Amino acid sequence: MLSDAHCHLEGNEELALIQQSQQILTIINCDSPEEWEENQHLIRTEDQILSFGIHPWKASDYSFEEVIPYLRQARIIGEIGLDNVWTTVPMSRQRQLFDQQLAFAAANKKPVVLHTKGCEKEILSSIRAYPNKYLIHWYSSIDYQQEYIDEGCYFTIGIDLEDHPAVQKLVKAVPSNRLLLETDGVGAMEWALKRTVSVENYADLLRTHLQHIAKWRNSSEELIEKTTYQNLMAFIGQKK
Ligand SMILES: [Zn+2]
């Protein structure tokens, strides 16, 4: 059974339908109240779980107070985090909203999906301040990998695995019980693979990614498929 621990639907109903028909266990990210409402209409099975959090790129667009109702409804908080590479949103604003969402998640015992781009050191000290269950999404730094592993985090492996030495280091280092699969959605797959991706190829590309992970870990496709599925169930806090 396939799983996708971090995916953006970006309004794509066909993608939602593929996940449903193939029973792909998926955390579907909602980065705004608007996307939360939209995704409520697209999900149809228990295998599709919504996460909600204001992304660091949108930290200037919403106040913490106005998103509290959505944080309350979501089982998973994220993706939230900090980014000093791909956005011009002031770090002071990112930091404020990130801390508020982190504190909310820890107080309400909701697992968190983290975006750490360029701010790996800062986020490491943040999660030490707010003990919780964390999923580090598409970690792409060569640094602090062992420190995050030692904190008990789960990790998704970025779909640019074949081209990225830091991701290759990570895929070999993550303990078996904390390894997860992700696509980050079709837009991110196109970015990572540097080509156009058709939605109908989503499941095939997810499987190819799984095969690459198995190769880097000297493991079998079957074992990685089973392990990543079970790990995602454990992260979500679900038993089957
Ligand atoms: Zn994402």
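For ligands, and for the atoms within them, numbers begin at 1 and follow the listed sequence. Numbers for residues simply follow the sequence, beginning at 1. It should be emphasised that the depicted structure is a prediction, and the values quoted were computed from it without experimental measurement.
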Applying salt bridge (Lys or Arg N to Asp or Glu O under 4.0 Å), run through Arg207 and Glu221 and close with a yes or a no. CA-CA 9 Å; Arg207 183 159 292 284; Glu221 184 183 332; 2.7 Å; yes
Looking at every non-hydrogen atom in both residues, tell me the closest pair between Ile236 and Arg75 and how far apart they are. CG2-NH2, 2.8 Å
Among the N, O or S atoms that Glu79 has, which is closest to the Zn ion (ligand 1)? OE2
Atom nearest to the Zn ion (ligand 1) - Asp184, N, O or S atoms considered: OD1
In a check of side-chain hydrogen bond (donor to acceptor under 3.5 Å, both in side chains) between His55 and each of His8, Gln94, Glu79, which one passes? Glu79
Going by the side-chain hydrogen bond (donor to acceptor under 3.5 Å, both in side chains) test, name the single residue among Thr116, Thr156, Asp160 that passes it with Trp138. Asp160
To the nearest 10°, how many degrees is the angle His8 NE2 to the Zn ion (ligand 1) to His6 NE2? 90°
The Zn ion (ligand 1) to His55: any N/O/S contact under 2.8 Å? no
Can an N, O or S atom be found in His137 less than 2.8 Å away from the Zn ion (ligand 1)? no
Donor-acceptor contact present, side-chain Tyr148 to main-chain Leu124, <3.5 Å: yes
